[in-house]
A.B. asks: 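I'd like to ask you about the structure that follows.
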Amino acid sequence: MKAIIDCNSFYCSCERVFKPHLDQHPVVVLSNNDGCIISRSDEAKKLGVEMAGPYFKAKPMIEKHNVATFSSNYNLYGDLSWRVMETLRMLLGEENVEVYSVDEAFLDLDGYEGSDFYEVAMNIRLTVEQWTGIKVSVGVAPTKVLSKLANNLAKKNKQATQCVVVLDTEEKISKALQTTPVNDIWGIGGQYAEKLLQLHAVFTAYDLSKKSEEWAHKNLGGVTGIRLLKELKAEPTIEMKEKLDKKKMIATTRMFGHNVNNINDIKEAVATYTSKAAEKLRRQQSAANVISVFIVAKEQSHQAAFHRGESKSASITLPLATSVTNELIKPALQLVDRLYQHGQFYKKAGVMLSGLVPDETIQANLFVEEKQNNKRLLMSMVDNINFAMRNDIIKYAAAGTTRDWKMRMEFRSPRYTTRWNELREVQ
DNA sequence: TCTGGGGTCCTAGGACCC
DNA sequence: TCTGGGGTCCTAGGACCC
């Protein structure tokens, strides 16, 4: 059996850990740049605040109901996420925990065959809550897709389920499938849901589970569709991931605080993003063969609906894979020159590193000069300092110091757990 | 007039996830 | 005025090779 643990309204819960007076109070957390709403407490959901909706639209209602509002504070969330995952690893053993995202983890419960899975799951739930202050929901089932489905049911009905749902018999599974709309299945997004409803009269997970593999192959994206179908039929096809596999692509992208038309501002931003991406690269001991940059133009006004601005991208394949920041910044800035159009206003830029290989391959390369190793040493020192300070105290000159383009973060809470001078004070 | 067949690698783009 | 920021996997089709 497999389980998925999912933190309830994770970012909101993180804020509440340090502000217990907000426990019954509606809370929302905003995306970078205070653009959209990316986490809502149950109370905020009840008020009708929409997920991923633009903040400025929800603002009147938020103010009217005195909803506590926070800019995202990733230092805090990252740290609390680590505590939750560490708790799971202690309870179940490292090898049985697959961290799936900042607020979710799959658990392998094969070692508990014969036990009462409800009891096991409840114990996990209560321990995480007691040790970290974060409330979680647990779904248990024979496959990952079904455990996600169980988790959904747990969250939809917190009172009755106590945030734990176990699907361990055919009857329970069948009933769960019948009560789940097809768009709530993990792996069915907007496009497929629309198609299933309109063209195939498939309304529930149950309807879908009755289809054939040939049908799934034809209508649900080939092998992906077959896997999904099997998982719904309680046949495991998506296994637990081996631990700690390295990323195959690394990206750093941001909106600007306001629209920018000066190429130097854009270059400053792109240089900063490149340093960040290179840090991530070195943290997993990889080097990149390909760097790409994209910039997004400001959308045209006087359009009725919201339209994303045009995005232009270009990439350069490097002569040798590298993880050295300034060797990445140089081509990145060349790409900006290539993409930038004079007079155009831009609102966003990003850097992506791909073609990732282990760092050793470079060191083994005979054509790399000796001094490359010195650079590598310097890089790791830079990383250590940045990691300790948890931010970019050491910067490259190209990244600039004025940061005219930087994000808005009006409502960020203190970084309680990662900055000494922002520690919570207790009387 | 008539223009192989098959394999591999790479890239762009589409779908999904949180 | 104001709409995150990351990731994954898969497929189709072109380039290239023999």
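We use all heavy atoms of the structure for the numbers below, so side chains are in, but hydrogens, waters and symmetry mates are not. Lettering of chains follows the sequences in order, A, B, ..., and the numbering in each one begins at 1.
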A.B. asks: May I ask you to decide if A:Leu333's main-chain N or O and A:Arg338's side chain share a donor-acceptor pair within less than 3.5 Å?
C.D. replies: no
A.B. asks: Atom CZ of A:Phe411 and atom P of C:dG4: how far apart are they, to the nearest Å?
C.D. replies: 16 Å
A.B. asks: For the C1' atoms, the ones on B:dG4 and on C:dC16, what distance do you get once it is rounded to whole angstrom?
C.D. replies: 16 Å
A.B. asks: For A:Lys280, does the NZ atom have more than 12 heavy-atom neighbours from other residues, nucleotides or ligands under 6.0 Å away?
C.D. replies: yes
A.B. asks: Give a yes or no answer on whether the side chain of A:Glu104 reaches the backbone of A:Val99 with a donor-acceptor pair at less than 3.5 Å.
C.D. replies: no
A.B. asks: Grab the CG-P distance between A:Asp184 and B:dC16 for me, whole Å please.
C.D. replies: 14 Å
A.B. asks: Measuring only between side-chain heavy atoms, which start at C-beta, is A:Thr204 closer than 4.5 Å to A:Thr179?
C.D. replies: no
A.B. asks: Would you mind classifying the nucleic acid contact of A:Ile188 as base, sugar-phosphate or nothing, using non-hydrogen atoms under 4.0 angstrom?
C.D. replies: sugar-phosphate
A.B. asks: What's the CG-P distance between A:Asn219 and B:dG14, to the nearest Å?
C.D. replies: 19 Å
A.B. asks: Testing A:Val202, A:Leu177, A:Thr180 for side-chain contact (heavy atoms from CB on, under 4.5 Å) with A:Leu208, which one passes?
C.D. replies: A:Val202
A.B. asks: Tell me what A:Gly350 touches on the nucleic acid: a base, only sugar-phosphate, or nothing, going by heavy atoms under 4.0 Å.
C.D. replies: nothing
A.B. asks: Have a look at A:Asp103 and say if it touches a base, only the backbone sugar-phosphate, or nothing, with a 4.0 Å heavy-atom cut-off.
C.D. replies: sugar-phosphate
A.B. asks: Please enumerate all residues that pass side chain to side chain donor-acceptor pair (under 3.5 Å) together with A:Thr87, with sequence neighbours excluded.
C.D. replies: none
A.B. asks: Rounded off to whole Å, could you give me the CD1-to-P distance for the A:Ile238 and B:dC16 pair?
C.D. replies: 15 Å
A.B. asks: Does the pair A:Asp108/A:Lys144 count as a salt bridge with the N-to-O cut at 4.0 Å?
C.D. replies: no
A.B. asks: Mind calculating the distance between OH (A:Tyr192) and P (B:dC17) to the nearest angstrom?
C.D. replies: 10 Å
A.B. asks: Anything under 3.5 Å between a donor and an acceptor, one on a side chain of residues 63-70 of chain A, the other on a protein residue two or more places apart or in another chain? List them.
C.D. replies:
{"unit_1": "A:His65", "atom_1": "ND1", "unit_2": "A:Met61", "atom_2": "O", "d": "3.2"}
{"unit_1": "A:Thr69", "atom_1": "OG1", "unit_2": "A:Val67", "atom_2": "O", "d": "3.1"}

A.B. asks: Name every residue in residues 37-59 of chain A that has at least one heavy atom under 4.0 Å from any atom of DNA chain C, in order of residue number, or write none if there are no such residues.
C.D. replies: A:Ile38, A:Pro54, A:Phe56, A:Lys57
A.B. asks: At under 4.0 Å between heavy atoms, what does A:Ile226 touch on the DNA or RNA strands: base, sugar-phosphate, or nothing?
C.D. replies: nothing
A.B. asks: Which nucleotide in the list B:dC16, C:dG4, B:dC18 gets nearest to the side chain of A:Lys148?
C.D. replies: B:dC18
A.B. asks: Quick check on C:dG4: syn or anti? Syn means the glycosidic torsion is within 90 degrees of zero.
C.D. replies: syn
A.B. asks: Answer yes if the side chains of A:Ser71 and A:Asp34 hold a donor-acceptor pair under 3.5 Å, and no otherwise.
C.D. replies: yes
A.B. asks: In terms of side-chain heavy atoms, does A:Lys2 have a donor or acceptor partner in A:Thr143 at a distance below 3.5 Å?
C.D. replies: no
A.B. asks: Name the atoms and distances for all side-chain donor-acceptor pairs under 3.5 Å in residues 217-230 of chain A, with sequence neighbours left out.
C.D. replies:
{"unit_1": "A:Asn219", "atom_1": "ND2", "unit_2": "A:Trp215", "atom_2": "O", "d": "3.1"}
{"unit_1": "A:Thr224", "atom_1": "OG1", "unit_2": "A:Gly221", "atom_2": "O", "d": "3.2"}

A.B. asks: How close or far is atom P of B:dC17 from atom CG of A:Asn183, stated in whole angstroms?
C.D. replies: 10 Å
A.B. asks: If I take atom CG in residue A:Asn259 and atom C1' in nucleotide C:dC2, what distance separates them, rounded to the nearest angstrom?
C.D. replies: 10 Å
A.B. asks: Could you check how far CD1 of A:Ile4 sits from C1' of B:dC18, rounded to whole Å?
C.D. replies: 10 Å
A.B. asks: When the C1' atoms of the five terminal pairs at each end define the local axes, what inter-axis angle does the helix from B:dG5-C:dC18 to B:dC18-C:dG5 show, to 10 degrees?
C.D. replies: 10°
A.B. asks: If you count heavy atoms of other groups shown closer than 6.0 angstrom to OH of A:Tyr206, is the number above 12?
C.D. replies: no
A.B. asks: Tell me, for nucleotides 5-11 of chain C in 5' to 3' order, what letter each nucleotide earns: B for a base near a protein heavy atom under 4.0 Å, S for only sugar-phosphate near one, - for neither?
C.D. replies: SSSSSSS
